[in-house]
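Please read the structure below before turning to the comments.
We're numbering straight along the sequence, starting at 1. Start at 1 and go down the list; that is how both ligands and their atoms are numbered.
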Amino acid sequence: MSEPTPLPASATKAAWDKLDALAAAPGGRLITPLFAADPDRAKKFSASFEDMFLDFSKTSISPAAMTGLFELARAAKVEDFIARLFAGEPVNMTEHRSAMHMALRSLPDAGFRAVLPEGGFEDASAVAAHERAHMEKFVRGVHDGSIVAADGKPFTDVLNIGIGGSDLGPRMVSLALTFVHGAKVNAHFLSNVDGHAFAQLSRELDPARTLVLVASKTFTTLETMTNGHAARDWLAGALGEDAVSHHFAALSTNLKETGKFGIPEDRVFGFRDWVGGRYSVWSAIGLSVALAAGWDAFEDFLAGGRAMDGHFRSTPLEQNLPVLLALSGIWNLDVLHAATLCILAYDARLARFPAYLQQLEMESNGKSTRLAGDQVTHQTCPVVFGEPGTDAQHSFMQLVHQGPALVPVDFILAAEADHDRPEAHRILAANVFAQAEALLAGKSLEEVTEEMKKAGADEETIARVGPHRVFTGQRPSTTILYKKLDAYSLGRLIVLYEHKVAVQGAIWGINSYDQWGVELGKKLAQAIIPSLEPHADLGHHDGSTTGLMKTFLSLRGEG
Ligand SMILES: O=P(O)(O)OC[C@H]1O[C@](O)(CO)[C@@H](O)[C@@H]1O
């Protein structure tokens, strides 16, 4: 199959130049004058899909800049990219793979197709539906007591062992959905190779009641294999070797390795290489979610993702939520040079959402080489960080309000809570609106002076302290609101960001679906491991690394 020639950087140059000129013009970075100039700005710079509402009016994107951003998207051929993505073209060009995670949440007869390694296509929707049926049978079996532990009694706990995409998605979604839908079994997650993590879990869990899922697309990841074997020893040590086949299942694309680990084939839940790790929560990797929150919740989660896929695929750029989120991000990052993105979900159930987005955004778009082989002309991904609101307000929001760096924020809030204290939810919501308003409007020295005078401060105090109390404002934020958090709306929210990342990658001309940047460190770690045995040959490294290894060994009394 012929792959289209990647666009040269020159294709978007005029559009970028226009945006730069708009931002450099007097007032081009200010937000409040845009509201003063147009009472309908909030309406014009917002969009919705079902009950999900995206407000990006609190950015310095003027009407001319918005036009310029759509010109940029069209110059980068975003619409063609969307069509190629959904057609299963090998948009992951460095690995010659489709990025067909949409098939995982499609209806069985949707007909999404994906490139096969040996050439041609397979019906990805049908493949996904087949594996889903396997998962459903297992999940329902665990819940109805037909699939039980080695002692014939039900499982009460599931331990997912995986890292990166094989951990972050299931962990984040399970936390959110077990709150909303209740926990059918208790989900636990082990990702870090740090032995303390396993030590703690093995203290908390009863092996006799625990189902262990070894989740790894490749089934070769060092951390997961190390932890998988530790869990196997722990369980076999407590219950005997025969218990292993009852208590283990694998979530993987690598049948050969799962077999070697001793997991019977009917306990292997598969997916294909057209599912990237960070896009895999919709696949067998989501088994812990389905076990914890229930099969029906998992189906609703897929339905939410599917709905956002449909919106993204068929809505003009001007009303397309992922596109609008992508373009406002591009304005902040590439035109205003705001190098970070702060994710503030005002929802304790979404505590792991920033960590999830860190992988989604930074592993997808933290790249410097364009598909055309040249180097990017712009920054390609913000540094993503975040915490739940209101906790964040009492830690890093000081910097966001008054630091010299511009830190764009995404606020996320459900209108309805899932608890019976409406007053607490109103307080939470008030904080979202107040934070965004404070970032926008700020407080001038005149206002501070007036306020301090009213409070009885003398001239000297006002002169000394006043400037410290000034907020410049003009700090951008976007706000995402929806009726309530449930499996469906969480599915939609995740896919909003998935496709935002896709659009940004297309504009930057990079491949959002590979992750070569994680390989070098993995290889070096493998090479260093034998050198950290007592009195081993340290090998050849730079002076600092050799010195650190020596000190490590000597502190352990082994060097
Ligand atoms: O599922 P696997 O193959 O164990 O990989 C885990 C994670 O490791 C990475 O390859 C990066 O280290 C991620 O892309 C992936 O999500």
Test: [X] and [Y] ion pair at under 4.0 Å:
| X | Y | answer |
| --- | --- | --- |
| Glu299 | Arg105 | no |
| Arg278 | Glu498 | no |
| Arg492 | Asp486 | no |

Exercise. Please state whether the rings of His101 and Tyr279 are parallel, tilted or perpendicular, taking 30° and 60° as the class boundaries.
Key: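 Taking Tyr279 first and then His101, their aromatic rings lie parallel (interplane angle under 30°).
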Just need the protein heavy atom nearest to [atom], so name the residue and atom and give the distance.
| atom | answer |
| --- | --- |
| atom 16 (O) of ligand 1 | Gly165 N, 2.7 Å |
| atom 3 (O) of ligand 1 | Thr218 OG1, 2.6 Å |
| atom 11 (C) of ligand 1 | Glu363 OE2, 3.4 Å |
| atom 10 (O) of ligand 1 | Lys522 NZ, 3.5 Å |

Looking at [X], which atoms of ligand 1 are within less than 4.0 Å of one of its heavy atoms?
| X | answer |
| --- | --- |
| Gly164 | 16 (O) |
| Ile163 | 6 (C), 7 (C) |
| Gln515 | 14 (O) |

Practice problem: Give a yes or no answer on whether the side chain of Asn365 reaches the backbone of Val501 with a donor-acceptor pair at less than 3.5 Å. | Solution: yes
Quiz item: Taking the side chain from His311 and the backbone from Leu321, do they hold a donor-acceptor pair closer than 3.5 Å?
Solution: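 Judged by distance alone, yes, a pair lies under 3.5 Å.
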Exercise. Compare Thr221, Val214, Asp167, Ile161 and give the one whose heavy atom is closest to atom 5 (O) of ligand 1.
Key: Thr221
Practice problem: Answer with yes or no whether Gln359 contacts ligand 1, where contact means a heavy atom under 4.0 Å from a ligand atom. | Solution: yes
Quiz item: Centre of Phe189's six-membered ring, under 6.0 Å away, within 45 degrees of the axis: is that where NZ or CZ of Arg171 sits?
Solution: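 No, Arg171 does not sit over the ring of Phe189.
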